[in-house]
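Written below as structure tokens is the structure these notes are about.
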Amino acid sequence: MHLRKAKLMFFWVRYPSSAVLKMYFPDIKFNKNNTAQLVKWFSNFREFYYIQMEKYARQAISEGLKAADDLHVAGDSELYRVLNLHYNRNNHIEVPPNFRYVVEQTLREFFRAIQGGKDTEQSWKKSIYKVISRLDDPVPEYFKSPNFLEQLE
DNA sequence: TTGGGTCCTG
DNA sequence: CAGGACCCAA
């Protein structure tokens, strides 16, 4: 399967259904195993993503930031460098504007939760995941192109 | 029972 | 990232 491509898709969708994923990999003969693997990949992508978000949010709090709305993500921030290195290693594509928005919202959600001491509760991240799951955007049609990966080079 | 998901490991 | 334990909804 195409790990590189799946990672790039993450910039648009964090919680894609297996049905949607299949549409974007028309060249793959899906079965129980590889679909599960693809779904698992996104689960791993989210893990990395949320870990970074929580880390960054806690850092903002430790630096004395008071309001979540004061949290902004610059295109040249360290956070962006890390995310880009993980999902878009060779800068295959330009990071879509909406992803920046999603990152900002995620950071604010974590910030508010931590600031409000919610992070001591049982499954405090669940509510955050729920919010973020609604921020998926449609994946560009060109991802369906048979020679998508080749066009990146 | 399954298919997703998360969490924690290796 | 892959595996496996474990949870939840369909």
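First the proteins, then the strands, lettered A, B, ... as listed; each starts at 1. Quick note: numbers below take in every heavy atom, side chains included, and nothing from hydrogens, waters or symmetry partners.
Contact check of residues 6-35 of chain A against DNA chain B (heavy atom, cut-off under 4.0 Å) returns Tyr15(A), Ser18(A), Lys32(A). Interface residues of residues 101-128 of chain A facing DNA chain B, ordered by number: Lys126(A); criterion, heavy-atom separation under 4.0 Å.
Taking atom CG of Leu3(A) as the reference point, atom P of dC1(C) lies 6 Å away to the nearest angstrom. Arg46(A) has its CZ atom 7 Å from the C1' atom of dG5(B), to the nearest Å. The separation between Tyr87(A) atom OH and dC1(C) atom P is 8 Å, rounded to whole Å. Atom P of nucleotide dT6(B) and atom CZ of Phe48(A) are separated by 16 Å, given to the nearest angstrom.
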Measure all distances between protein nitrogen or oxygen atoms and nitrogen or oxygen atoms of nucleotides 6-9 of chain C, and list the pairs falling under 3.5 Å.
none

Please enumerate all protein N or O atoms sitting under 3.5 Å from an N or O of nucleotides 8-10 of chain B, with distances to 0.1 Å.
| residue | atom | partner | partner atom | Å |
| --- | --- | --- | --- | --- |
| dC8(B) | N4 | Glu47(A) | OE1 | 3.3 |

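In this structure, Tyr49(A) does not reach the dT6(B) phosphate: none of its side-chain N or O atoms is under 4.0 Å from OP1 or OP2. At dA2(C), one or more side-chain N or O atoms of Gln37(A) fall inside 4.0 Å of OP1 or OP2 (strictly under the cut-off). Of the side-chain N and O atoms in Ser43(A), one or more sit less than 4.0 angstrom from OP1 or OP2 of dT6(B).
Taking 4.0 Å as the cut-off between side-chain N and carboxylate O, Arg112(A) and Asp69(A) count as a salt-bridged pair. A salt bridge between Glu104(A) and Arg108(A) is present, with a side-chain N of the basic residue lying under 4.0 Å from a carboxylate O of the acidic one.
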Exercise answer: donor-acceptor pairs, residues 57-65 of chain A side-chain atoms, under 3.5 Å, sequence neighbours excluded:
| residue | atom | partner | partner atom | Å |
| --- | --- | --- | --- | --- |
| Arg58(A) | NE | Glu54(A) | OE2 | 3.1 |
| Arg58(A) | NH1 | Asp119(A) | OD2 | 3.3 |
| Arg58(A) | NH2 | Glu54(A) | OE2 | 3.0 |
| Arg58(A) | NH2 | Asp119(A) | OD2 | 3.1 |
| Gln59(A) | NE2 | Glu63(A) | OE2 | 3.3 |
| Ser62(A) | OG | Arg58(A) | O | 3.4 |
| Ser62(A) | OG | Gln59(A) | O | 2.6 |

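In this structure, the side chain of Ser17(A) engages the main chain of Val20(A) through a donor-acceptor pair within 3.5 Å. With hydrogens and angles ignored, the 3.5 Å screen pairs a side-chain donor or acceptor of Tyr24(A) with a backbone N or O of Val139(A). Side chain of Asp27(A) to main chain of Pro146(A): no donor-acceptor pair is present (N/O by atom type, distance under 3.5 Å, no hydrogens or angles).
Cluster annotation: Leu149(A) and Tyr142(A) are assigned to the same hydrophobic cluster (Ile/Leu/Val/Met/Phe/Trp/Tyr, side-chain heavy-atom contacts under 4.5 Å, transitive). Under the 4.5 Å side-chain heavy-atom criterion for ILVMFWY residues, no single connected hydrophobic cluster contains both Leu85(A) and Leu83(A).
Both cation-pi conditions hold for Lys5(A) and Phe25(A): the charged atom is under 6.0 angstrom from the six-membered ring centre and inside a 45 degree cone around its axis.
Residues passing the ring pair (Phe, Tyr, Trp, His ring centres under 6.0 Å) test with Phe111(A): none are found, sequence neighbours excluded.
At a threshold of 4.0 angstrom between heavy atoms, the contacts of Phe45(A) are confined to the sugar-phosphate backbone, with no base atom among them.
The side chain to side chain donor-acceptor pair (under 3.5 Å) test with Thr106(A) is passed by exactly one of Tyr49(A), Tyr50(A), Tyr56(A), Tyr129(A): Tyr49(A). Here the options are Tyr15(A), Tyr87(A), Phe48(A), the test is ring pair (Phe, Tyr, Trp, His ring centres under 6.0 Å), and the partner is Phe10(A); only Tyr87(A) passes.
The environment of NZ in Lys144(A) is crowded: more than 12 heavy-atom neighbours from other residues, nucleotides or ligands sit within 6.0 Å.
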